[in-house]
Structure formats: structure tokens, C-alpha cells
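Following: one structure in C-alpha cells, then a few remarks.
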Amino acid sequence: IPPTWRSWEETPIEVRLQRLSSAAEHLAQERSALDEAIASGKAASLQHATGSSGRVLETVSRLLAAASEVAELQSTVAIPGQDNFTTWSNPRGLGVVAVDEGSDPAGLAALVFAPLLAGNGVLVAAPHGLEQVARLLAESLWREGVPRNVLCLAPSGASVERLAAGPVHFAAVDLSLERTRSIYKALAATDEGTRPRWLKALISLSDGPSPGEVGFLRQFAHPKTVAVRTVRHGADLKLV
């Protein structure tokens, strides 16, 4: 775990969206480099890689278009004299991203862009076949202003279980059932006295909304419900 690793919460959502959108545009402009990174890692033809890179760009575009999920307030129960709403503007914190060798590069891109958009810090542990793709994604994001101590790349061959057992708040994965279970066990491990104790979350592409679907981005934030009284001494404060 990088010692200076931190979340991106202090940067406004508008700025995060702008920087991630610029990175997506850069990836689109350098699509041939993305094709080559996918082809070399997957030992696939450039024609096959072109289809994969298209899915990467499309997935990222859908994620960014759904930014309102973590930027806007959602009204809840209507109560006379009181406004009630829920916000997802509070990121989970620091999260490890891990995928399998056979994972779609679009899934990796989703698990990098989504938590960043929600304001988290991300540590990417990519397998050998997707290391070049992870590096290309990171370089595009760093180039457009995502801090290097917010988006980090784990050393090649790093144990995802060991990373998940560290001081993280969530793990976002696209792994086999067996490996997902091992990550879940690692997240639950605590070492009282040397490691802080807090609730950790497991977010898996095989469970819940898919990238671009309603609710996907909200998995990377804590919901906060707020109630605002609009009546005082019998008078509606909205009319004052």
C-alpha cells in the first residue's frame, strides 16, 4: 500500500468529471495504442483488440454520462414541513481494484473510472495480461490531472488478498467465484491493535448493476440522508 495514497474527495465532482472526460478523450485519440496494449496482453489480433477497445471507450462514456448519480440530490419521502433527500457525495475512501487474466478490458476501465468519479482513491492490481492496459489507462488519467497518489498501480504480481487485508475501505473486482471469496475473507480480516477496524465493502461486476446501469456508480459512495425543516412556528420558511 503506497504510504501517501489518499482519496480524491476534496476535489469537486465537477472537476473530477472534467478530468476523467479529458482522459477518455485522450484514450479515444490514442485508440491505436489501446488496441496494441490489448492485443499484446491478450495475444489477440488487432482486429479483435479493436472491438475490445471500442467497448472500453463505450463503457467509460456511459459511466461519465451517469455522473449525476453521485452529484445530485434525490428526494425521498414527502413529509409536510420538511424536505428529505439522499446524497451519494461521500466516497467510500481507498479501494483495491483487481481483475482476472480473462477479464474484459472494459471491465477494468469501469472499475478504475467509476470509483475515481465518486471521489475515491484507487490502487489497481492488474494481472500480467492487462498490465499494459492498466498502465495506459493510468497514464491518460495522470496526464489529465488525476493525482498520482490518488490513482496508483500495484507492483507486478502483488497479492490482491494481502492488499485487501490492509487499510482499505473496499475492493472492486472482476474475478472468479473462488478468488472473489478469497478477497471477501481478506477484507473481513482484522488485526486489533495494529490495524484500524472499519466496515469494508466488496463490489463485484458479477453482482449488482453493470457499468452504465442505474446504481452502478453509487456502489462506490456512502448514502447520506438529510432532512431539512421548512416550517418554524407554523410558518413555511420557503415563503419568508
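Residue numbers run from 1 in the order of the sequence given. For clarity, every value in this text was computed on a predicted model and none was experimentally measured.
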Short side-chain to backbone donor-acceptor contact, [X] and [Y], under 3.5 Å:
{"X": "Arg218", "Y": "Glu69", "result": "yes"}
{"X": "Ser22", "Y": "Glu144", "result": "no"}
{"X": "Ser61", "Y": "Leu57", "result": "no"}
{"X": "Asp100", "Y": "Gly102", "result": "no"}
{"X": "His169", "Y": "Leu94", "result": "yes"}
{"X": "Gln219", "Y": "Phe216", "result": "yes"}

Inset, instruction - Return the set of residues passing salt bridge (Lys or Arg N to Asp or Glu O under 4.0 Å) with Glu58 (not counting sequence neighbours), or none when no residue passes. - result: Arg62
Inset, instruction - Indicate whether the side chain of Thr11 and that of Arg16 have a donor and an acceptor atom separated by less than 3.5 Å. - result: no
Legend entry - Any Thr50 side-chain heavy atom under 4.5 Å of Arg31 side chain: yes
Report, one line per pair, each donor and acceptor closer than 3.5 Å where one atom sits in a side chain of residues 107-131; sequence neighbours left out.
residue : atom : partner : partner atom : Å
Asn120  : OD1  : Arg92   : N            : 2.8
Asn120  : OD1  : Gly93   : N            : 2.8
Asn120  : ND2  : Pro115  : O            : 3.0
Asn120  : ND2  : Phe220  : O            : 2.9
Glu131  : OE2  : Ser156  : OG           : 2.6

Inset, instruction - Kindly check if the number of other-residue, nucleotide or ligand heavy atoms within 6.0 Å of CD (Glu10) is above 12? - result: yes
Inset, instruction - Determine the sole option in Trp5, Trp8, Trp142 for which the side chain to side chain contact (heavy atoms under 4.5 Å, CB included) test with Val150 is passed. - result: Trp8
